[in-house]
Amino acid sequence: MSSLFQIQESYGTGRGLFATRLLKRGEQILEFTGPIISLEQALQKPADKLGFPLQIGSREYIDLEEPGVWVNHSCLPNAGISKDIFLVAIKDILPGEEIVYDYSTTMDDHTWTLECRCRSHNCRGLIRDFKDLPYDEQRKYLEQNIVQSFIREKWGDE
Ligand SMILES: [Zn+2]
């Protein structure tokens, strides 16, 4: 098990990842791992099955394993995905704080939306594709380099 985080119950969202020590901005927290699956296979996963496949290409997903599968979404994240598969801190994360990233930085399949219960002051209510984010949020995430490359290629240089 990692010395950086532990898995605990998270209010309203099932299990989540919580920092066990101060994580400095820029620090790598984990690598997302799991078998590569297609959009069709991702859609066949039972809806009640925990976990959300991580999109890494226009039709490619990682069927996430532990511990990456337990990382929850927030509309006000303290982490993001760098180089498609590494979870990194985008601000200092205090011990005991839940580690969360914005799922919309990985989503561009015109298929999924998820109801959001992150309770942040800027909660968007619905987790949707990157293209549906407010423009300022898109720019911020692109500048932080925490948008999946296949999305960045489409949206990054307009
Ligand atoms: Zn939210």
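From a predicted model like this one, the values you see are computed outputs, not experimental measurements. Every number for a ligand or one of its atoms is a count from 1 in the order of the listing.
- Between Glu65 and Thr33, the side chains place a donor N or O and an acceptor N or O closer than 3.5 Å (distance only, hydrogens not considered).
- One N or O on the side chain of Glu97 and one on the backbone of Leu94 form a donor-acceptor pair closer than 3.5 Å.
- Using a distance-only test at 3.5 Å, with no hydrogens or angles considered, no donor-acceptor pair links the side chain of Asp108 to the main chain of Lys131.
- Using a distance-only test at 3.5 Å, with no hydrogens or angles considered, a donor-acceptor pair links the side chain of Asp102 to the main chain of Ser104.
- Looking only at side-chain heavy atoms (C-beta outward), Leu17 and Leu4 stay at 4.5 Å or farther from each other.
- Around the Zn ion (ligand 1), the protein atoms of type N, O or S found under 2.8 Å away are Cys75 SG, Cys116 SG, Cys118 SG, Cys123 SG, listed by chain and number.
- In this structure, Arg21 pairs ionically with Glu27, as a charged nitrogen and a carboxylate oxygen lie closer than 4.0 Å.
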